[in-house]
Amino acid sequence: MKKRIFSGIKPTGDLHFGNYLGAIKNWIELQNEYDCVYSIVDLHAMTTDFDPQTLKTNIFKAACNYLACGLDPNKSILMIQSAVKEHTTLCWILQCLTPLGWLERVPTFKEKSLQQEENINSGLLNYPVLMAADVILYKAEAVPVGEDQLPHLELTREILRRFNGRFGETFPEVLSIVGKGARVKGLDGSAKMGKSLDNCIYLHENYDEMWAKISKAVTDPARIKKTDCGDPKICNIYSLHELFSTKEDLNYVENGCQNAEIGCIQCKKLLTQNIDNEFAPIRTRYFEFLNKPDYVLDILNAGNQKASAIAERVMAEVYEKIGVK
Ligand code: ATP
Ligand code: MG
């Protein structure tokens, strides 16, 4: 039997290259090797201020993006978190096993609390417990994620060990799968690229839209004129080249920058072109899926049912172990 993996993205906005390189690209590559459950984690999205209509649209757009990037519904389960009620039931049980101190120490709780001072809700604190429930509900053994999620997965492991310790071996250990694009920086060159920050290139953007942003993006701050030699190691544009460009292009921009043979504009144009080459077909498919809502909703319904079947089995076992059945 194949091992199972679970992963999800919050529908808090349009998907960006951080989500693609940190998560979705790995999801697609892992589809043959693992039994995969890929989710649109809409309950998690509610920890941030949200508008119901926008949430609905974002859920649909996320599904179109996953499919356009190559999620194959014949190989993997594509599901919406809120459609499988066991996520919240298991979350409650796990909350009762999780000391408050573990949650207060989580770095993302501190970060998000600063980002949304007016809305420090308890969902924000309990976020990692819901994530633990998401993963272990399917007895997943690995989770492909970006680096920012590693503290959450550490907590998932602690929570499941506590469950296993108290009620008997039930859930397998969970590994994280972190790829090459583990922490893509935003175009400001400092913060992580993130939906809640205005520093992203979105997956649906065309060449001109990308160029408008990339042309203004921060590079090596010490390189002011084209005749100054640059340092690719501290340039965010170079780190994006590392994720999208061929070895030849990488050598070309590395040498050209270090020896002041090419300027930042030329380097950025090559990057924009390379991203566009990889993404033009994905973008076309994305817009095709957007225009086929019935087709996409059928896939989601089928995925929700498959996920429910697994979740019901696991929850029956959990109920028995904790003595309520
Ligand atoms: P938000 O800003 O609302 O938290 P987000 O863009 O961080 O949104 P999430 O839904 O929190 O997106 O994360 C979804 C997945 O994308 C996770 O696996 C996360 O690690 C990954 N991810 C998000 N941003 C990046 C990034 N900049 N680099 C690499 N991976 C990322
Ligand atoms: Mg995030």
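Everything quoted here is computed from the prediction, not taken from an experiment. Each ligand, and each atom within it, is numbered from 1 in the order the structure gives.
Comparing Lys10, Lys195, Glu111 against atom 4 (O) of ligand 1, the shortest heavy-atom distance belongs to Lys10.
Annotation for ligand 1: atoms under 4.0 Å from non-hydrogen atoms of Met193 are 24 (N), 25 (C), 26 (C), 27 (N). Contact atoms of ligand 1 toward Arg183: 28 (N), 29 (C) (distance under 4.0 Å to a heavy atom of the residue). Those atoms of ligand 1 that come under 4.0 Å of a heavy atom in Gly194, given as number and element, are 2 (O), 6 (O). Taking every non-hydrogen atom of Gly146 and a distance limit under 4.0 Å, the qualifying atoms of ligand 1 come out as 18 (O), 19 (C), 20 (O), 30 (N).
For Tyr252 and His241, the ring centers sit 6.0 Å or farther from each other. For Phe17 and Tyr202, the gap between ring centers reaches or exceeds 6.0 Å.
Considering backbone and side-chain N/O of Glu147, none are found under 3.5 Å from N/O of ligand 1.
Contacts of Lys112 with ligand 1, taken as heavy-atom pairs under 4.0 Å, involve the side chain alone. Contacts between Ala182 and ligand 1, counted as non-hydrogen atom pairs separated by less than 4.0 Å, involve the backbone only. Both the backbone and the side chain of Val184 come within contact range of ligand 1, each with a heavy atom under 4.0 Å. Residue contacts with ligand 1, taken as heavy atom pairs separated by less than 4.0 Å, involve His16 solely via side-chain atoms from C-beta onward. Contact annotation for Asn19 and ligand 1: heavy atoms of both the backbone and the side chain come within less than 4.0 Å of the ligand.
Inspection of the Asn119 and Asn121 side chains reveals an N or O donor paired with an N or O acceptor under 3.5 Å. Glu288 and Tyr295 share no donor-acceptor pair across their side chains, judged by distance under 3.5 Å alone. Glu278 and Asn274 are not linked by any side-chain donor-acceptor pair at a separation below 3.5 angstrom, with hydrogens and angles left out of the test.
When hydrophobic clusters are built by joining Ile, Leu, Val, Met, Phe, Trp and Tyr residues whose side-chain heavy atoms come closer than 4.5 Å, directly or via intermediates, Ile59 is grouped together with Phe289. Side-chain heavy atoms closer than 4.5 Å link hydrophobic residues (I, L, V, M, F, W, Y) into clusters, and following such links, possibly through other members, connects Leu97 to Val106.
For atom 17 (C) of ligand 1, the nearest non-hydrogen atom of the protein is Gln149 CG, 3.8 Å. For atom 1 (P) of ligand 1, the closest heavy atom belonging to the protein is Ser196 OG, 3.2 Å. Of all protein heavy atoms, the one closest to atom 24 (N) of ligand 1 is Lys192 NZ, 2.7 Å. The closest protein non-hydrogen atom to atom 30 (N) of ligand 1 is Gly18 O, 3.2 Å.
A distance of 10.0 Å separates CG in Leu300 from CE in Met79, rounded to the nearest 0.5 Å. In this structure, Lys321 NZ and Glu317 CD are separated by 4.0 Å, a value rounded to the nearest 0.5 Å.
At most 12 heavy atoms of other shown residues, nucleotides or ligands fall within 6.0 angstrom of atom NZ in Lys3.
Judged by the shortest distance from any of its heavy atoms, Asp148 lies inside the 4.0 Å radius around the atoms of ligand 1.
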